[in-house]
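In what follows, a structure is listed as structure tokens, so that the remarks can point back to it.
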Amino acid sequence: MLDIKFIRANTELVRAAIANKNEKANLDRILELDEQRRKLQFDFDTLKSKQNTVSGEIAKRKKNKEDAAELISQMSSVADELKQISTQLTTCNAELDQALLTVPNIPFQSVPVGRDESFNRHIREWGTKPEFSFEPLDHLSIADKNALLDLPRGAKISGSGFPVYTAEGARLERCLINFMLEYHRQKHGYTELGVPILVNRPTMTGTGQLPKLENDMYHVDEDDLFLIPTAEVPVTNLHSGEVLALSQLPIKYVAYTPCFRREAGSYGKDTRGLQRLHQFNKVEMVRFVEPEKSYDALEEMLHDAEAILQAFGLHYRVVELCTGDLSFASAKTYDLEVWSPGTGRYLEVSSVSNFESFQARRAGIRYKDAEGKMQFVHTLNGSGLATPRLMIALLETYQQADGSIRIPEAIKPWLELKI
RNA sequence: GGAGAGGUGGCCGAGCCGGUUGAAGGCGCACGCCUGCUAAGCGUGUGUAGGUCAAAAGCCUACCGAGGGUUCGAAUCCCUCCCUCUCCGCCA
């Protein structure tokens, strides 16, 4: 959420951000409501002040056993009026708050303007595309040959998009999660968290999934809880409504969770195998930092995510999203796209974003700065990484002519665990 | 799910038969004074948000889990919801 004062003072900047992000918040209505709100607030305060004064006088008279009937009857009309204004104010505030939730974050000034992914900026790439002396298979064929997945049975028990990992496939996936958690914990200094995967409405609103994405999420009607689409949601909201001590910052969390996405309307598009799923596992990094340090933190997190791909020796590229591809809450986002030899395409395995104070303002996450002033922290998060497309890249990159897979050295110790 | 107790400022903790209570008292913290040092002691200060103002100061308003209600006036009375604790039931 943006500060209403900021919106008031930078209307055209906000208007441009809405347009560049292909959003449709009603800015004029917001300004109108803001105006109205301030007028009502002023009227309320003025009248309330009068009421407080006279009520004090009534109290005094009663104490002295004097007659206060005159004042009380006088005040009864004031009380009525006050109630009326208060009702209007409540309505106005509610509408304004709702409207403010539909205003997207403002893209960082360096973010390329463009309406879709074709305007994304290529930053760099790492490694090279692997060469094969044979025609490389795609991950599904490799998984079949090695009995790593059972997608038909996943579809039977839940539906398409709910994968079943079998035997070595299940082990491999689990080891990837373990490896990534430990890597970030030991080498990058993140604190591991285990968090709920069902969260309530305020939590979903805090990070910006609600109100916009309500239909993209699984919802448990009975309890009004949502299945999380990413660990970003519970982990960022962990500190909602809190005032953090300056000495606590930066906070760096890493958490593994299953993620659930309805992916409504995306059937048939890049959905083969593990490419696009309703349920998948992801290791997520989240940071809470001082505002001046958030863009350095963004670069650091990008490197943290890249380190995993590098440890596995997977070719990838880094892309900076343009305004039109940027998510609702993000100010700046890098995507990591890993090379998939089987499909001849780059697949998104990580998204690393700086939300600046957008989420912090929604969720009420503040800290006291060196001068003792209240400030909103900046929040960031990045996948590190999502397992399905990582599996795709691993299987396809390390496939052998005989259909087997050569496991990267980094994962071997995890797979060879003996008890 | 059932019964009971409770949710007050950074923390502890009064107030809860309605009327200078943003809120006693204590602790903590900050600054100052005092004292070889430390400790003790003394004094002052110590929330957030909104509004007003060019801005600061100042002033006004709101906030005692959340939301409604009663009243001239509510932390205090009533209703609903949320959370915590204890006991019972149920279950991985």
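All chains are named by letter (A, B, ...) in the order of the sequence lines, taking the proteins before the strands, and each is independently numbered beginning at 1.
With B:A62, B:C60, B:G19 as the choices, the nucleotide that has an atom nearest any side-chain atom of A:I58 turns out to be B:G19. Of the candidate nucleotides B:G51, B:G73, B:A49, B:A49 has the atom nearest to the side chain of A:M374. Relative to the side chain of A:K368, the nucleotides B:G47, B:C72, B:G68 differ in distance, and B:G47 lies closest. Residue A:R366 has its side chain nearest to B:A49 when only B:C72, B:G51, B:A49 are considered. For A:S49, whose side chain is taken as the heavy atoms from C-beta onward, the closest listed nucleotide among B:C60, B:G51, B:C72 is B:C60. Looking at the side chain of A:S76, the nearest of the listed nucleotides B:C72, B:C60, B:A49 is B:C72.
A salt bridge links A:R61 to A:E57: one of the charged nitrogens lies within less than 4.0 Å of a carboxylate oxygen.
Here, B:C64 and B:A56 have their P atoms 27 Å apart, quoted to the whole Å. A distance of about 25 Å separates the C1' atoms of B:G4 and B:G67, rounded to the whole Å. The same atom, P, is picked in B:A74 and in B:A14; the two are 25 Å apart, to the nearest Å. Separation of the P atoms belonging to B:C33 and B:A39 is 16 Å when rounded to the nearest angstrom. Rounded to whole Å, the separation between the P atoms of B:U38 and B:C31 comes to 14 Å. Comparing B:C63 with B:G22, their P atoms are spaced 10 Å from each other, to the whole Å. Comparing B:A5 with B:C79, their P atoms are spaced 14 Å from each other, to the whole Å. Taking atom P on both nucleotides, B:G7 is separated from B:C77 by 11 Å, rounded to a whole Å.
Distances shown here put a side-chain N or O of A:K83 below 4.0 Å from the OP1 or OP2 atom of B:U70. Put simply, A:Q41 has no side-chain N or O that comes within less than 4.0 Å of OP1 or OP2 on B:G51.
Checking each of A:L176, A:N281, A:L309, A:V283 against A:L385 for a side-chain contact (heavy atoms from CB on, under 4.5 Å) leaves exactly one that passes, namely A:L309.
Across the protein-nucleic acid pair, A:L82 atom CG and B:U61 atom P stand 12 Å apart, rounded to whole Å. In this structure, CG of A:L246 is placed 16 Å from C1' of B:G10, rounded to the nearest angstrom. Nucleotide B:U48 holds its P atom 16 Å from the CZ atom of A:R361, rounded to whole Å. Put simply, CZ on A:R61 is 17 Å from P on B:G73, counting in whole angstrom units. For A:I85 and B:G51, the CD1 to P distance is 17 Å, given to the nearest whole Å. Rounded to an integer number of Å, the gap from CG of A:L47 to P of B:C72 is 15 Å. When rounded to the nearest whole Å, the span between CD of A:E57 and P of B:G19 equals 17 Å. Note: CD (A:E35) to P (B:G51) measures 12 Å, nearest angstrom.
Within 4.0 Å of A:K62, counting heavy atoms only, lies at least one base atom of the nucleic acid. Nucleic acid contact class of A:Q51 (heavy atoms, under 4.0 Å, all strands): sugar-phosphate only.
The structure places CG of A:L89 at 13.0 Å from CZ of A:R38, a figure rounded to the nearest 0.5 Å. Annotation: the span from A:N178 atom CG to A:E173 atom CD amounts to 11.0 Å, rounded to 0.5 Å. Taking CH2 of A:W339 as the start and CG of A:L314 as the end, the distance is 13.0 Å to the nearest 0.5 Å.
Taking the six-membered ring where the residue is Trp, the centroids of A:F108 and A:Y295 are separated by under 6.0 Å. Checked against the 6.0 Å centroid threshold, A:H219 and A:F260 do not count as a close aromatic pair.
Of the nucleotides present, none pairs with B:C53 by Watson-Crick or G-U wobble criteria with both distances under 3.5 Å. If you check B:U80 for Watson-Crick or wobble pairing at under 3.5 angstrom, you find it paired to B:A66. Across all strands shown, B:G10 is found opposite B:C27 as a Watson-Crick or G-U wobble partner, with both distances under 3.5 Å. As the counterpart of B:C33, B:G41 is assigned, both hydrogen-bonding distances of the Watson-Crick or G-U wobble pattern falling under 3.5 Å. Under the Watson-Crick and G-U wobble criteria, each requiring two contacts below 3.5 Å, nucleotide B:G19 is paired to B:C72. Checking B:U86 for Watson-Crick or G-U wobble geometry (two distances, each under 3.5 Å) identifies B:A3 as its partner.
In summary, the side chains of A:E299 and A:Y334 do present a donor paired with an acceptor at a separation below 3.5 Å, with no hydrogens or angles considered.
Side-chain atoms of A:N52 and base atoms of B:G73 include no donor and acceptor less than 3.5 Å apart.
Residues A:K5 and A:F44 both approach RNA chain B. Their nearest nucleotides, taken by heavy-atom distance, put A:K5 toward the 5′ side. Along RNA chain B, the nucleotide closest to A:K48 and the one closest to A:G56 are compared, and the more 5′ of them pairs with A:G56.
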